[in-house]
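Labels below follow one simple rule: chain letters A, B, ... track the order of the sequence lines, proteins then strands, and each chain is numbered from 1.
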Amino acid sequence: MNRKLAITIYLSTAIFFALFFVYPIWHTVKEAFVTTDGGITFAYVIEIFQNPVYVEGLVNSFYMGLFTTVLSLIIALPLALLANTWNFKGKEILNSLILVPLILPPFVGALGIKQLLGQAGALNSFLIDLGMMDAAAPYDWLGEGRLPGVVLMNALHLYPIAYLNISAALANVDPAMEEAAENLGCHGIRRLFRITFPLIMPGMFAGATIIFIWSFTELGVPLIFDFTRVTSVQIFDGIKDLSGNPFPYALVVVLLVLTVMFYLLGKRLFGQEISASSGRASTGRSLRDASPVMNAVCIGAFSLVTGLAVLPHLGVILLSVSNQWYGTILPSDLTLQHFEDALGHPLTLNSIGNSLKYASLATLINVILGIAIAYVVVRTKLQGRQFLDAMAMLPLAVPGLVLAFGYLAMTREGQTFDFLILGENPILILVIAYAVRRLPYVVRAAAAGFQQTTVTLEEAAQNLGCPPLKALRKVTLPLIAANLIAGGLLAFSFAMLEVSDSLILAEQQQHFPITKAIYALVSSLGTGPHIASALGVWAMAFLAITITGAGLILGKKLGALFRV
Amino acid sequence: MVSIQIRGLEKRFGDVVALNQLELDIHSGELFFLLGPSGCGKTTLLRSIAGFHLPDAGTIKFDQDDVTQIPPHRRETAMMFQSYALWPHLNVFKNVAFGLEERKVSKAETKKRVEEALAMVKMAGLGTRKINQLSGGQQQRVALARALVVRPRCLMLDEPLSNLDAKLRIEMRGEIRRICKEFGLTAIYVTHDQKEALSIADRLAILDGGNIAQVGTPEDVYRCPRSALVAGFIGETNLVTGEVASISGDNVYVKTAIGDLAGRPSDPVLPLEPGTPVTLSIRPECLSIETTPPARNKIAGHLTESIYLGEVAQYSLQAPGREEPFHISELNPRRVIRDTEQKLYASAKPEDIMILPYS
């Protein structure tokens, strides 16, 4: 590529990041240390650590992140090991289905979990019917503090990330590494711990990091569970009286600093990069055909996990068609009224349209930026291109809540970027917010495509008289289309389900995206939760259509959708 | 050190027969080579002996022990992998010590033996290095030390030198032979590089289509190939088909499209009588080029190509009645013939023309 063009791309993406990534974070940080009369103070941050409510919130957030991560790994690791050892029946389908929960909206699922595991929920009703539980004193599965429910929902949503990372790491282990251990007398579980786990540790850590950061600052699920004693919800509640209150900012800063600290600590403990030896792998990994027993074990494990992860969403579907569901296993009275209501409700139709609009625009930005950045990083020798790559990945490491807050702060009245709020319409800032957070997925997908497509194909086109940009368009882009579609779809799905930015930045009803509409409905009285469920089902239906459509386009490569 | 007996070994991958009723004896303490074109089954055979493949039929014995069903971690072989398979999360010392730890050798003994092994491969003092700090040649030495340190019943080498540059390859193959002989190891070495095999093997086996095509010492196999395939795989050769005309003393006269040639059967028990179809193998270095007609084994033609390489000149001689030109190597050439018009003659001694079964 022409050097001038590469530099132009470099600079424009760098400016984009400076404006919409660095600046909002810096703005938030600043607010946390500046008093109303312009002096610098540490009082706010210090106060956070002295106020028992905030400290409890931080401790709970840490537990939320830690337990979610551990539970996700416990779910994902055995599955990944099974899938990387055995060929079993229906593996391709099960391997794709296992990833589906990643695109099911977790805060909608939370509604379902409450319905299934609540004190008057389906499980207790079932146990009471069996006579295994006293109807007068039903057990509270979700725990008094609601943390178990939140962690379960988070883990059932996020384990696919661990699964993908561990699978990729396992696939990258030269099978000779394991055979060499076997050959020297090390076998079975012992080999797993001495050789395999250390080798996949960096991959496992990469997955665990994303899950931890995601769940440490998760907002939607605890909100639905009324679990108010976590930092994310405290911050969210704090914006109601934002102008005068510096503590939400201080909390955001503390959250950001803690995230970075945990990340660095984790990297030091587990993430030591180990580069493989220079030799070529002598054999490809050959999977063994499963015996009938092993077949049953594999199919059982995959079905069980997928089933469990989908169960909350089935609960949502049931909730959406029920008139009355309290203290019974299944809804006692079915209706389709809520779906009609959902479509007739002033909030809902608007919000579906809004979400589609915001998510599509954000995805478009992502695909364009993603191709540009990946091209510069993979195909040019431009100095500092690794910096661009690292920068494009950074949004994964910064909590969505932190950024959302930054955007809010920088577009407030009187601030430089106030103009981005077009007379109360948050479309610009929301699209930007959606795009920044999802950019890493598209950049990774595009970069993988460029790496797998040898540059000589483009050179051959240029050699035959095709100008560079045209060669890119006519040769490489069609070849990496599958990657781009996959990355774009993932970005689109996540944008449709986005919670932090949506809840914080959309203030007027007519501009609500789906997630905020659902949140507003859940907290309204009467049939609110049912209509919210119906809207959630509509949202899931949209995503299902999108992903299925992509599956039809990509054929068997559907699994590549999730290979971030 | 063990001897290895393989009887009726069979291994299939789906419809592909990788090993077909294979029989092989490897003597105690010998450096034995498995050679063959890719896909011939040599790596499958090696991996079966190490236990990574469970054969579909047949037996493998180490001395008197039938190890056919023994899993790899209890076979006490030690394999050096083509990719070395050094574990990047362990340093050099820990890589080498791994097998001893698995064998519950005491700490002090482990330390002593690892240091000995590292010294033997000229890596003394580098125990604390990380694997990714080593060059390819050093990794190769560590992999060898890791295999040797456990004092295996049989050492297995799977194309151990294929990732090294040419100069290092020549140096390391000498090292490997020295170490094997020093310890009297039974070693099985897989390669597709015939020079490697010819230079250091005690004996070698050529595999073809999951079968042993020929077993013997390097000289045997090179001088007396038993089939056209072996002759063509080890070294270069010119193959001529014909039929036996007469037999007189040691010499067998064969009628071919380019004239009568006198040769000797590579296998003394090969049944030959007038009329038997045969294939002749003549190595390029056995042919000499002459400007005047030789007394016997005369091949007439003209040159299509002359290549001068310093120590050797290579000629292609086109003989009428044959599509392929003859390849002729002349050692220490004083002058190179480049005239493609001139009628020239090639000739070989009868003892250098090998008579093989027709193929």
Side-chain angles (χ1 to χ4, degrees), chain A residues 85-87 166 168-206 266-291 294, chain B residues 13-14 43-44 46-47 50-54 71-90 94-105 130-140 142-143 146-147 149-150 152 155-156 158-160 162-164 190:
Chain A
T85 314
W86 304 100
N87 276 323
I166 296 172
L170 280 171
N172 278 337
V173 172
D174 178 356
M177 296 272 178
E178 289 172 345
E179 286 173 356
E182 196 93 354
N183 182 245
L184 290 172
C186 184
H187 179 66
I189 299 282
R190 200 175 150 74
R191 191 191 76 188
L192 210 56
F193 278 91
R194 289 201 73 184
I195 303 297
T196 313
F197 285 164
L199 290 177
I200 62 169
M201 195 51 95
M204 208 144 75
F205 173 73
K267 182 142 181 115
R268 209 182 154 74
L269 290 179
F270 308 110
Q272 299 292 343
E273 199 55 52
I274 33 179
S275 54
S277 59
S278 60
R280 284 180 291 128
S282 49
T283 46
R285 176 169 291 268
S286 55
L287 302 185
R288 279 177 282 172
D289 287 328
S291 63
M294 216 52 224
Chain B
F13 298 106
T43 296
T44 307
L46 186 80
R47 291 170 62 81
F52 292 119
H53 293 316
L54 212 55
H73 64 282
R74 300 218 316 268
R75 284 210 190 180
E76 294 177 44
T77 64
M79 169 114 97
M80 208 182 127
F81 291 81
Q82 185 178 11
S83 61
Y84 310 140
L86 296 174
W87 302 298
H89 63 294
L90 303 177
K94 286 183 177 157
N95 260 282
V96 179
F98 187 94
L100 296 175
E101 285 165 13
E102 290 303 319
R103 284 161 176 74
K104 309 263 187 302
V105 174
K130 290 195 166 162
I131 298 306
N132 57 18
Q133 294 172 324
L134 303 180
S135 69
Q138 286 175 321
Q139 291 189 15
Q140 201 263 356
V142 174
R146 185 177 73 181
V149 78
V150 296
L155 178 67
M156 321 218 135
D158 184 5
E159 308 215 13
S162 62
N163 289 325
L164 300 182
V190 162

> Given that the side chain runs from C-beta out, which part of A/Arg190 has a heavy atom under 4.5 Å from chain B: side chain, backbone, both or neither?
Replying inline: side chain
> Taking every heavy-atom pair that is under 4.5 Å apart, which of B/Ala143, B/Gly51, B/Gly99 has the most such pairs with chain A?
Replying inline: B/Gly99
>> Between A/His187 and B/Pro72 (side chain of the first, backbone of the second, donor and acceptor by atom type, cut-off under 3.5 Å), is there such a pair?
In response: no
>> Checking B/Arg103 now: which residues fulfil salt bridge (charged side-chain N to carboxylate O under 4.0 Å, His left out) with it, not counting sequence neighbours?
In response: none
> Taking only residues two or more places apart in sequence or in another chain, which ones pass side-chain contact (heavy atoms from CB on, under 4.5 Å) with B/Ala50?
Replying inline: A/Asn183, B/Phe52, B/Thr77, B/Met79, B/Met156
> So does A/Phe193 have more than 12 non-hydrogen atoms from other groups sitting under 6.0 Å from CZ?
Replying inline: no
>> Please evaluate residues A/Arg191 and B/His73 with respect to the criterion side-chain contact (heavy atoms from CB on, under 4.5 Å), reporting the C-alpha separation (whole Å), side-chain torsions for both, the decisive distance (0.1 Å), and the verdict.
In response: CA-CA 10 Å; A/Arg191 191 191 76 188; B/His73 64 282; over 6 Å; no
>> For the CH2 atom of B/Trp87 and the CG atom of A/Asp174, what is their distance to the nearest 0.5 Å?
In response: 12.0 Å
>> Tell me which of these, B/Arg146, B/Lys130, B/Gln140, has more heavy-atom pairs under 4.5 Å with chain A than the rest.
In response: B/Arg146
> Is there a side-chain contact between A/Met177 and B/Pro88 (heavy atoms, below 4.5 Å)?
Replying inline: yes
>> Once rounded to the nearest 0.5 Å, what's the spacing between atom CE of A/Met201 and atom NE2 of B/His89?
In response: 10.0 Å
